[in-house]
Amino acid sequence: MCGIVGAIAQRNVAKILLEGLSRLEYRGYDSSGVAINNETGVRAHRAVGKVQALKDKFEAMPLDGKLGIAHTRWATHGKPTEANAHPHFSGDDLALVHNGIIENHEVLRRELIELGYEFRSQTDTEVIVHLIHNALKTEPDFLKAVKNALQRLHGAFAIAVTLNDENERLIAARKGSPLVVGVGIEENFVASDQLALLHVTDQFIFLEEGDVVELTRDAVTVFDENDQVQDRPISVFNHNVDATDKGEFRHYMLKEIYEQPKVIAACLEGRISDERILTSCFGANSAFLKEIENIHIVACGTSYHAGMVAKYWIEDLANIPCTVEVASEYRYRKVAVPKNTLFLTLSQSGETADTLAALRMAKQLNYLTTLAICNVPSSTLVRESGLTLLTNAGAEIGVASTKAFTTQLTALLITSIAIASEKGELSAAQQAELVTALRSLPAYVDAAIKQDEAIKLVSEQFANKHNALFLGRGPMFPIALEGALKLKEISYIHAEAYPAGELKHGPLALVDETMPIITVAPNNQMLDKLKSNLQEVRARGGELYVFGAKETGFEEAEGIYYNEIPWVEEVLEPIVHTIPLQLLSYHVAVVKGTDVDQPRNLAKSVTVE
Ligand code: AGP
């Protein structure tokens with residue numbers, strides 16, 4: 001989704017801004033731009049496509065200066081064209097970049113046109129820059145004029161704005177979209193994501209809802225939503241892993257798939273002892289675990305699939321009802337909240353607009369408490385939730401979520417066991433057995449990754465496919481959904497997932513020799529039923545791709561491609577069985593030559609509704 005970078009320094013900021021934009025490329029975008037404020041005015045370059053196209057423009061015609069703003073745009077209002085790319089201008093000397101959506105932009109646009117403003121783009125953003133320009137007519141102080149203009153906006157925004165007469169300060173603000181200040185020595189920065197600034201600083205101030213910030217070279221002044229100056233704390237980024245380095249891997253996605261044993265171990269660290277879950281991982285007061293009588297899980301996309309798996313664990317282990325819902329639906333309906341219900345959100349980024357809106361709505365309802373399972377400690381979701389369990393996966397750059405998903409599952413299994421134990425549904429021995437299984441998880445995942453070469457060979461069969469069906473039963477159904485999502489996201493092959501038992505209720509009509517059917521076979525009481533469903537497919541000429549442990553008894557045969565997954569305890573199957581599906585979609589995308597890490601039309605973090 002859109003990205004912002006801004007800088008005010010004693011040195012030329014053009015390279016800093018361009019490098020910042022490159023670091024934001026993973027979020028997904030379709031055009032980019034930079035405006036530099038110097039003695040000659042505010043000048044900009046914009047380009048459609050990759051940031052490299054913008055860099056080429058800088059190469060051909062350099063713009064130098066000590067103050068600037070930059071942006072990667074993911075089109076919402078208006079096509080991805082140069083005219084719609086940010087920065088947007090009012091006149092020649094006021095430029096602005098914006099993330100988010102201005103919901104009342106049509107009314108404001110009409111009003112501004114009546115005032116004589118001419119619009120050069122189709123974006124909602126352009127109203128903001130003209131509003132500030134108009135505010136400057138009655139309020140000559142730049143900072144105050146920006147604050148006045150922001151009062152008129154409905155919707156979500158993070159902005160950075162620069163005015164030529166004001167080349168000693170840069171103004172930025174956030175409401176509904178993330179923004180972070182990077183603190184340097186005699187230079188300061190602003191960005192929508194701290195990763196964009198790791199080449200210039202490791203000190204960050206996370207702005208809060210409604211904050212407006214004035215950056216000079218020597219100072220950062222934050223005003224809260226009541227216009228009071230606030231001393232926001234500075235956090236230091238931990239450089240242990242620089243996620244922006246692909247290392248030996250061809251794509252971030254592959255690197256992140258291979259990181260899973262390590263990050264799952266990091267997710268377990270400090271959360272389990274030899275025989276039990278350490279409930280202190282939920283914070284000092286974990287008494288709420290005993291009180292839970294219901295759970296509502298709300299999330300989007302891959303995170304939603306993780307929630308669907310958790311329902312099986314929660315109901316099976318803890319014996320309490322659990323509902324799972326996509327955030328974009330939950331937030332717009334009347335929800336009945338049974339007594340002592342835990343509201344649980346799942347999010348890699350912690351900035352997904354729908355999930356945040358659902359949390360804010362839930363906080364007005366009668367929930368026991370809110371718990372976020374999230375990967376980004378500094379995210380809005382973490383800051384606004386009552387309790388947090390971090391997944392510790394490290395920054396995930398590939399748009400297609402991989403390690404974030406398996407660490408979410410790990411955190412959810414920890415949570416399910418903790419609740420079950422606290423509610424007396426698990427004996428100490430049962431808990432110890434589950435914890436022992438959890439300890440083996442990184443090694444199991446490592447063994448599953450070792451099938452990479454074999455899966456790569458299978459993937460070649462998909463080069464000419466246009467459709468695929470994924471089947472699963474029980475907790476393997478959400479894993480099938482996740483497998484289908486991965487395949488469509490990065491290889492653009494149309495893929496659907498069904499509980500295998502539903503096949504004959506409709507989708508079987510689609511099956512013929514052109515339709516590959518992918519399934520992960522559990523080694524449990526559902527296996528025989530699954531095998532019968534697969535017979536139905538073979539009888540119609542469908543090609544089967546089966547991933548399962550040796551113990552499932554599957555073998556290669558005509559029309560059946562079999563890949564072995566290591567045997568694991570049943571409770572861990574959804575996590576380990578995810579790995580071959582991730583590898584399959586990765587290799588299919590490579591065979592098809594798509595943009596694996598930044599698939600078309602998608603954004604890493606969906607910060608608009
Ligand atoms: C996953 O591959 C997707 N790119 C997407 O579905 C993602 O999981 C969804 O947008 C939710 O994001 P979040 O986990 O950051 O909230």
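Atoms within each ligand, like the ligands themselves, are counted from 1 in listed order.
- Distance alone, capped at 3.5 Å, is enough to place a donor-acceptor pair between the K363 side chain and the E384 backbone.
- In the vicinity of T302, heavy-atom distances shorter than 4.0 Å reach the ligand 1 atoms 1 (C), 2 (O), 6 (O), 8 (O).
- The protein heavy-atom contact nearest to atom 11 (C) of ligand 1 is C300 O, 3.3 Å.
- The protein heavy atom nearest to atom 3 (C) of ligand 1 is E489 OE2, 3.1 Å.
- No N or O atom of G301 sits closer than 3.5 Å to an N or O atom of ligand 1.
- The single protein non-hydrogen atom nearest to atom 10 (O) of ligand 1 is V606 CG2, 3.9 Å, given as residue, atom name and distance.
- Close approach of ligand 1 to S401 is summarised as follows: ligand atoms under 4.0 Å from at least one heavy atom of the residue are 1 (C), 2 (O).
- In this structure, E351 has no heavy atom closer than 4.0 Å to ligand 1.
- Contacts between T352 and ligand 1, counted as non-hydrogen atom pairs separated by less than 4.0 Å, involve the side chain only.
- Of all the atoms in ligand 1, the ones that sit under 4.0 Å from a non-hydrogen atom of S303 are 8 (O), 13 (P), 14 (O).
- The nearest pair of heavy atoms linking C300 to A327 is SG-CB, 3.7 Å.
- Listed by chain and number, the residues in a side-chain contact (heavy atoms from CB on, under 4.5 Å) with V326 are Y304, S328, E329 (sequence neighbours excluded).
- Within the listing of ligand 1, atoms 2 (O) sit less than 4.0 angstrom from a heavy atom of A400.
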